[in-house]
Amino acid sequence: MGDGEGHSIDIYGMQLSAPVRIVQMTAQCLDLKYNFKLTDLMKEEHKTPEYLKLNPMHTIPTVVDGDMSMSESRAVAGYLVGKYGKDDKLYPKDIVTRLHVDQMLYFDMGVFYKACGDIMYPKMFGGPAPEQKHHDRLAEVLGWVNGFVTGGKYVAGTDHMTIADLACIATYSTLKATGIADVSKYPEVEAWFERCKAAIPNYQECNGQ
């Protein structure tokens, strides 16, 4: 492991994207400098020949570190901690703790973010209106998250923030900004959100635009 002093990475994406913000927040927590390369999906800048050379799947974010180009934000977050972290606190090496962190990273991608997206994306990009079952599913998922963080815990059951929290924070902040759920029903989630915001350097820079 090392630190990012004097080094920078390139992050291609839009701050509207929760996965993009996962990488930004990870870099902020590591004090790793990055160059933000705005890639406007509405203008299809993710489909230019130059972008496709970096990421043939034309997803965001794409992260470039030296001669390596990466996608999939949660995997990138783990890589950045492994390469630039001064310690392993954000992505613990203890096998059981890492299991729990990985579990929550997959939960965020396949359950939490999906439940939000099933409601958000039709409103943002068009398509059939979300049905009641989608709102019921999101309420169920938020109830789980509320339980995960009860008693001052973080999402992976740790007593400190990990990249699993950063992933879930990116999802939750998007949920709050779009107003797709009544967050007052989940006081433990709101308290966790405030704890994480206070612990993430320059949180507003990553999430306020």
Side-chain angles (χ1 to χ4, degrees), residues 1 3-4 9-34 36 59-63 65 70-94 97-117 141-142 144-146 148-149 152-178 183 186 188-209:
M1 293 187 296
D3 60 53
I9 60 174
D10 294 333
I11 302 175
Y12 292 78
M14 300 176 68
Q15 285 193 315
L16 286 173
S17 163
V20 169
R21 298 198 306 276
I22 293 170
V23 177
Q24 286 184 274
M25 288 188 286
T26 302
Q28 292 284 3
C29 288
L30 296 171
D31 195 24
L32 174 62
K33 296 178 181 178
Y34 61 88
F36 190 81
T59 55
I60 57 172
T62 293
V63 178
D65 182 17
M70 299 166 275
S71 59
E72 296 299 337
S73 59
R74 297 159 188 84
V76 172
Y79 162 85
L80 293 177
V81 175
K83 185 170 182 180
Y84 296 109
K86 294 180 175 67
D87 54 48
D88 68 342
K89 195 170 183 180
L90 278 174
Y91 195 31
K93 290 181 177 179
D94 174 78
T97 307
R98 179 160 290 198
L99 165 69
H100 293 150
V101 173
D102 286 343
Q103 178 177 293
M104 292 309 300
L105 288 170
Y106 287 120
F107 170 85
D108 176 59
M109 180 175 67
V111 180
F112 194 14
Y113 189 62
K114 182 182 185 305
C116 292
V141 172
L142 281 167
W144 294 338
V145 177
N146 201 68
F148 296 154
V149 299
K153 293 184 295 185
Y154 292 82
V155 292
T158 57
D159 61 0
H160 62 274
M161 189 173 65
T162 70
I163 58 173
D165 295 283
L166 299 182
C168 291
I169 281 290
T171 296
Y172 188 67
S173 62
T174 303
L175 178 155
K176 283 175 66 73
T178 54
V183 298
Y186 311 99
E188 297 288 351
V189 179
E190 280 289 281
W192 159 79
F193 180 56
E194 292 301 323
R195 289 197 302 276
C196 290
K197 281 172 60 178
I200 298 168
N202 301 313
Y203 172 84
Q204 201 64 29
E205 179 180 324
C206 300
N207 294 275
Q209 298 184 25

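By convention here, the first residue in the shown sequence is residue 1.
Partners of D65 according to the side chain to side chain donor-acceptor pair (under 3.5 Å) rule, which considers only residues two or more places apart in sequence or in another chain, are H7, Y79, K83, Y84. Every residue meeting the side-chain contact (heavy atoms from CB on, under 4.5 Å) condition with D94, not counting sequence neighbours, appears here in chain and number order: V96, T97. With sequence neighbours excluded, the residues forming a salt bridge (Lys or Arg N to Asp or Glu O under 4.0 Å) with K114 are D118, listed by chain and number. In this structure F193 satisfies the ring-ring contact (aromatic ring centres under 6.0 Å, His included) test together with Y172, sequence neighbours excluded. Looking at residues two or more places apart in sequence or on another chain, you find a salt bridge (Lys or Arg N to Asp or Glu O under 4.0 Å) between E190 and K176. The ring-ring contact (aromatic ring centres under 6.0 Å, His included) check on F107 picks up F148, with sequence neighbours excluded. Partners of Y154 according to the side chain to side chain donor-acceptor pair (under 3.5 Å) rule, which considers only residues two or more places apart in sequence or in another chain, do not exist here. Listed by chain and residue number, R21 satisfy the side chain to side chain donor-acceptor pair (under 3.5 Å) test with S173 (two or more places apart in sequence, or in another chain). Taking the salt bridge (Lys or Arg N to Asp or Glu O under 4.0 Å) definition, one finds that K89 meets it with nothing, sequence neighbours left out. Residues satisfying the side chain to side chain donor-acceptor pair (under 3.5 Å) test with Y12, not counting sequence neighbours, are none.
In this structure, C29 SG and L90 CG are separated by 5.5 Å, a value rounded to the nearest 0.5 Å. Within the model, atoms CD1 of I9 and CE of M70 stand 6.5 Å from one another, a figure rounded to the nearest 0.5 Å. Here the CG atom belonging to L175 is positioned 11.5 Å from the SG atom belonging to C168, to the nearest 0.5 angstrom. Interatomic distance, I200 CD1 to L166 CG, rounded to the nearest 0.5 Å: 5.0 Å. Atom CZ of R195 and atom CE of M161 lie 11.0 Å apart (nearest 0.5 Å). We find the CD1-CG distance between I60 and L16 to be 8.0 Å, quoted to the nearest 0.5 Å.
Proximity of F36 to V20: side-chain heavy atoms (C-beta onward) are separated by under 4.5 Å at one or more points. Side-chain contact between I169 and W192: present, with at least one pair of heavy atoms (C-beta onward) separated by less than 4.5 Å. With a 4.5 Å cut-off on side-chain heavy atoms, T26 and V23 do not count as touching. A heavy-atom distance below 4.5 Å is not found between the side chains of Y106 and V111. Counting heavy atoms from C-beta on, the side chains of V183 and V189 never come closer than 4.5 Å. No side-chain heavy atom of D88 sits under 4.5 Å from any side-chain heavy atom of V81.
For residues 155-171, no residue pair satisfies the salt bridge (charged side-chain N to carboxylate O under 4.0 Å, His left out) rule, not counting sequence neighbours. Contacts classified as salt bridge (charged side-chain N to carboxylate O under 4.0 Å, His left out) and involving residues 99-113 (residues at least two apart or in different chains) are given here: R74-D108.
Smallest separation of non-hydrogen atoms from G85 and L30: CA-CD2, 3.6 Å. Scanning both residues, S73 and P19, for their nearest heavy atoms gives CB-O, 3.1 Å. Taking each heavy atom of A199 and P201 in turn, the nearest pair found is O-CD, 3.3 Å. Minimum interatomic distance between V76 and S71 (heavy atoms only, all atoms of both residues): CG2-O, 3.4 Å. In terms of heavy-atom proximity, Y34 sits nearest to C206 at OH-SG, 4.0 Å. Residue A164 comes nearest to M104 through the heavy atom pair CB-CB, 3.8 Å, listed as atom of the first residue, atom of the second, then distance.
Counting only distance, with no hydrogens or angles, the side chain of Q15 and the backbone of N207 share no donor-acceptor pair below 3.5 Å.
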